[in-house]
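Presented below is the structure to which this report refers.
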Amino acid sequence: MKHSVRLILLGAPGAGKGTQAEKISAAANIPAISTGAIIREAIATGTEMGTLAKSYIERGALVPDEVVIGIIRDRLQADDCKDGFILDGFPRTVPQAEALDQMGVEITDVLSIEVSDERIVSRMGGRRVCKACGATYHVESNPSPAGDKCGICGEDLTIRKDDDPAVVQSRLTVYHEQTEPLKDFYAKKGLLKIVEGQEKLEDTTALTFAALGLN
Ligand code: AMP
């Protein structure tokens, strides 16, 4: 790659940000950083931050800005971020985006993956995640080669609590109210690119790579 990519992926929960982040990460050799995954890991290991975050995440609400801003501030200082990174699920509010600016982080691309609410709701029921390594699958569009086990580490696949239909509905409301305004925030900076999420994963990946100039 010619230049370093510091990318933000926007999009509703279930739009496919995590999957695209993994593909871009492999192609561009930069880390994909998911605040959701970091929080779920903290909940699983029972850290203080995890205990605080649990009630928010399980009802589909956002974890307080200062918590996620702290997570990102620490994570971006790691050595593997010096040649670029992908942010999957951060920022999710305007104050979080402003905090990134204040940290002096210069974002090069913002890509919004657009999928209708209706399709999100029907998709979420099929999502599966590996409890051990965090890999994500979908029973129809992206099945694990190992069936109900993880294709990477062989552990059991599970359904996230916040993929429950009622929780999905509140996450969509939160997305429209708090996260969608970020499209305007980054459009004004001339950074926003839109990708229409496709039925087939590989079609969305092709559009995503084209938008980023990757191949
Ligand atoms: P995700 O895996 O990105 O869908 O995130 C799952 C959940 O983690 C969200 O529904 C929030 O409760 C929490 N979360 C993840 N990232 C953020 C963020 N940037 N701001 C606030 N809460 C977040």
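First listed ligand is number 1; within each ligand, the first listed atom is number 1.
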- Query: When you look at NZ of Lys54, are more than 12 heavy atoms from neighbouring residues, nucleotides or ligands closer to it than 6.0 Å?
  - Reply: no
- Item | Residue part near ligand 1, for Val68, under 4.0 Å between non-hydrogen atoms |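 Under 4.0 Å from ligand 1, Val68 contributes side-chain atoms alone.
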- Item | Ala53 contact mode with ligand 1 (heavy-atom cut-off under 4.0 Å) |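 None of Ala53 does.
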- Query: Is Val195 reachable from Ile8 through a run of hydrophobic residues whose side-chain heavy atoms are each under 4.5 Å from the next?
  - Reply: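 Not linked; separate clusters.
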Nearest-contact summary for [atom] - protein heavy atom, Å:
atom: atom 20 (N) of ligand 1; answer: Gln96 NE2, 2.9 Å
atom: atom 2 (O) of ligand 1; answer: Arg40 NH1, 2.9 Å
atom: atom 21 (C) of ligand 1; answer: Val63 O, 3.2 Å
atom: atom 4 (O) of ligand 1; answer: Arg171 NH2, 2.8 Å
atom: atom 16 (N) of ligand 1; answer: Thr35 OG1, 2.7 Å
atom: atom 11 (C) of ligand 1; answer: Ala61 O, 3.5 Å
atom: atom 9 (C) of ligand 1; answer: Arg92 NH2, 3.9 Å
atom: atom 14 (N) of ligand 1; answer: Ile39 CD1, 3.8 Å

- Residue of the set Val63, Leu62, Asp65 for which side chain to side chain contact (heavy atoms under 4.5 Å, CB included) holds with Arg92: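 Of Val63, Leu62, Asp65, side chain to side chain contact (heavy atoms under 4.5 Å, CB included) with Arg92 is met by Leu62 alone.
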- Message: I'd like to know if Asp163 pairs up with Arg171 as an ion pair, taking the criterion as any Lys NZ or Arg NE/NH1/NH2 lying under 4.0 Å from an Asp or Glu carboxylate oxygen.
- Response: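 Arg171 and Asp163: salt-bridged.
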Are the side chains of [X] and [Y] in touch, meaning some heavy atoms are under 4.5 Å apart?
X: Phe185; Y: Leu191; answer: no
X: Thr208; Y: Lys23; answer: no
X: Lys149; Y: Ser144; answer: no
X: Met103; Y: Ile69; answer: yes
X: Ile113; Y: Leu10; answer: no
X: Arg6; Y: Val110; answer: no

- Item | Arg160 neighbourhood, listing ligand 1 atoms whose heavy-atom distance to it stays under 4.0 Å | 1 (P), 2 (O), 4 (O), 6 (C)
- Which option out of Ile57, Val168, Ile43 puts a heavy atom nearest to atom 7 (C) of ligand 1? Ile57
- Task: Would you please determine whether Lys17 falls within less than 4.0 Å of ligand 1 on a heavy-atom basis?
- Result: no
- So, does Pro91 sit close enough to ligand 1 that a heavy atom of it is under 4.0 Å from the ligand?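 Outside the 4.0 Å threshold, so no.
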- Message: Looking only at distances, can you tell me whether any N or O atom of Leu62, backbone or side chain, sits closer than 3.5 Å to an N or O atom of ligand 1?
- Response: no
